[in-house]
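Taking it in order: structure first as structure tokens, then the write-up.
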Amino acid sequence: MEHTQTDGGSTDPGEDGAAGPTGPDSSRLVGSDRVLAVLRELARYPGGVGLEELTRVIGSPKPTVHRALGALRRAGLADQDARGHYLLGDEFLRMAFAHHEARPEHIRLRPVLEALAARFGETAHYAILDGREVVYRAKVDPPAGAVRLTSTVGGRNPAHATGVGKLLLAHQLDTVEEVGEWIGDSPLERRTPRTLCTADDLHRDLHASRVRGYALDDQENERGVNCLALPVYATSPTTPSGAVSISALTYRTPLSTLVDALDEIRAVLGTLGEPHR
């Protein structure tokens with residue numbers, strides 16, 4: 001990810017333009033916002049992207065994008081390969097991974113996820129709630145040789161369609177009215193025929209999750225994949241900071257197997273899975 005010079009706050013005429021259809025948004029980008037928009041777009045191209053394509057998706061003039069790339073390259077946040085394509089720089093990746101590894105909840109939960117993945121031969125996740133989505137903060141795949149899920153750290157899924165999302169929503173939305181307000185005017189995405197997309201259906205499921213203390217995803221987010229999720233109290237004694245889940249292929253580990261092993265899963269979580277009032 002290279003490029004010539006930078007202009008953290010350039011105001012050259014015509015440099016501010018609306019982002020393209022896949023760009024950050026439709027607002028006008030100015031100065032440092034423009035540089036950050038370029039950085040965000042680079043993250044979408046792990047194999048690198050040419051200046052022409054990047055200019056198109058950002059929606060700013062080529063000299064402007066080129067200057068932003070120059071600023072990022074000098075900071076080590078972008079690089080340019082032999083083909084002339086731009087990609088995230090090694091310094092950016094070093095900082096991102098160092099920050100990720102240093103997060104307290106990630107450090108404390110890594111042994112838990114490793115133990116669960118090894119015990120069930122399935123993928124274990126730690127995720128947090130972010131609005132209408134869940135964000136995966138940590139993931140441990142099963143031992144080598146097993147079929148693995150394509151989820152990634154930093155990836156997102158709709159909260160209403162996932163075990164971790166429904167578990168965390170259950171701690172926030174007590175009534176059907178609150179669920180309806182949370183849904184608002186934006187219909188819930190139906191990821192599979194089993195996805196719960198109405199306020200009444202979702203409320204019943206959230207209530208059941210609160211009562212039993214865990215949430216289930218019965219192929220609601222992805223066909224052939226089910227999930228059991230439990231709360232994690234890593235940063236607060238009373239409010240879940242996130243949720244741990246075991247996401248399993250249905251043909252290999254049915255939901256009944258996970259539910260039957262609930263006490264064992266809770267034992268692995270230990271005090272991280274218990275509120276302290």
Side-chain angles (χ1 to χ4, degrees), residues 22-25 36-37 39-46 77 88 92-114 116-117 122-142 148-173 179 182-184 186-192 195-197 202 205-206 209 214-217 219-222 225-236 238-248 269 272-273:
T22 59
D25 56 45
L36 293 175
L39 181 64
R40 287 172 62 90
E41 277 302 313
L42 287 177
R44 298 180 58 249
Y45 298 90
L77 304 183
L88 291 177
F92 178 88
L93 299 176
R94 183 197 66 77
M95 291 191 301
F97 284 121
H99 177 72
H100 173 65
E101 292 294 334
R103 280 178 169 166
E105 70 266 28
H106 177 266
I107 292 174
R108 296 172 65 188
L109 285 163
R110 184 77 188 184
V112 170
L113 300 182
E114 290 174 346
L116 292 175
E122 302 289 357
T123 299
H125 294 104
Y126 173 65
I128 63 168
L129 186 64
D130 183 20
R132 293 168 66 98
E133 298 177 314
V134 294
V135 181
Y136 297 103
R137 284 280 181 84
K139 173 190 177 184
V140 172
D141 283 314
R148 304 182 182 192
L149 302 184
T150 58
S151 54
T152 59
V153 173
R156 293 171 176 264
N157 268 318
H160 70 281
T162 61
V164 287
K166 291 192 294 179
L167 186 286
L168 296 172
L169 287 175
H171 286 262
Q172 295 186 6
L173 308 175
V179 174
W182 180 79
I183 295 174
S186 301
L188 297 179
E189 178 185 2
R190 188 175 295 281
R191 301 295 292 267
T192 78
T195 309
L196 306 179
C197 294
L202 185 56
D205 193 277
L206 298 185
S209 298
Y214 63 89
L216 299 174
D217 162 10
Q219 302 186 67
E220 296 161 47
N221 186 58
E222 184 176 353
V225 178
N226 54 38
C227 166
L228 182 146
L230 289 166
V232 170
Y233 299 87
T235 59
S236 167
T238 58
T239 303
S241 58
V244 159
S245 70
I246 302 170
S247 299
L269 266 174
L272 282 171

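Rounding to the nearest 0.5 Å gives a distance of 9.5 Å between CG of Leu93 and CG of Leu77. Taking CG from Leu228 and CD from Glu122, the interatomic distance works out to 12.5 Å, rounded to the nearest 0.5 Å. Taking SG from Cys227 and NZ from Lys166, the interatomic distance works out to 9.0 Å, rounded to the nearest 0.5 Å. Rounding to the nearest 0.5 Å places NE2 of His160 at 11.0 Å from CG of Leu206. From Asp217, atom CG reaches atom CG of Asp205 across 9.5 Å, with rounding to the nearest 0.5 Å. Here the CG atom belonging to Leu42 is positioned 12.0 Å from the CZ atom belonging to Arg40, to the nearest 0.5 angstrom.
Between Leu113 and Val244 the shortest side-chain heavy-atom distance falls below 4.5 Å.
The two residues Arg190 and Thr195 have their closest heavy-atom pair at NH1-O, 2.9 Å. The two atoms that bring Thr192 and Gln219 nearest to each other are OG1-O, 2.7 Å, heavy atoms only. Across every non-hydrogen atom of Pro158 and Asn221, the tightest pair is CD-OD1, 3.9 Å. Across all non-hydrogen atoms, the minimal contact from Pro231 to Leu269 is O-CD1, 4.1 Å. Ser247 and Val225 get closest at one heavy-atom pair: CB-CG1, 4.4 Å.
Note on ring orientation: taking the six-membered ring where Trp is involved, the planes of His171 and Tyr233 are perpendicular (angle over 60°, cut-offs 30° and 60°).
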- Take His125 and Val134 through the test side chain to side chain contact (heavy atoms under 4.5 Å, CB included) and record every step on the way to the result. CA-CA 11 Å; His125 294 104; Val134 294; over 6 Å; no

- Query: When you look at Thr162 and Tyr136, which way does the side chain to side chain contact (heavy atoms under 4.5 Å, CB included) test go after all the steps?
  - Reply: CA-CA 11 Å; Thr162 61; Tyr136 297 103; 4.1 Å; yes

- Task: Assess whether side chain to side chain contact (heavy atoms under 4.5 Å, CB included) is satisfied between Arg132 and Ser186, documenting all intermediate values.
- Result: CA-CA 10 Å; Arg132 293 168 66 98; Ser186 301; 3.8 Å; yes

- Take Phe92 and Leu39 through the side chain to side chain contact (heavy atoms under 4.5 Å, CB included) test and state the conclusion after the steps. CA-CA 10 Å; Phe92 178 88; Leu39 181 64; 4.0 Å; yes

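Not counting sequence neighbours, the partners of Glu133 by the side-chain hydrogen bond (donor to acceptor under 3.5 Å, both in side chains) test are Arg156. With sequence neighbours left out, Leu168 forms a side-chain contact (heavy atoms from CB on, under 4.5 Å) with Leu129, Pro240, Ala243. Applying the side-chain hydrogen bond (donor to acceptor under 3.5 Å, both in side chains) test to Ser241 and every residue at least two apart in sequence or in another chain returns Tyr126.
Of the possible polar contacts, none joining the Ser245 side chain to the Val164 backbone as a donor-acceptor pair under 3.5 Å is found. Of the possible donor and acceptor atoms, none in the side chain of Thr123 sits under 3.5 Å from a partner among the backbone N and O of Asp141.
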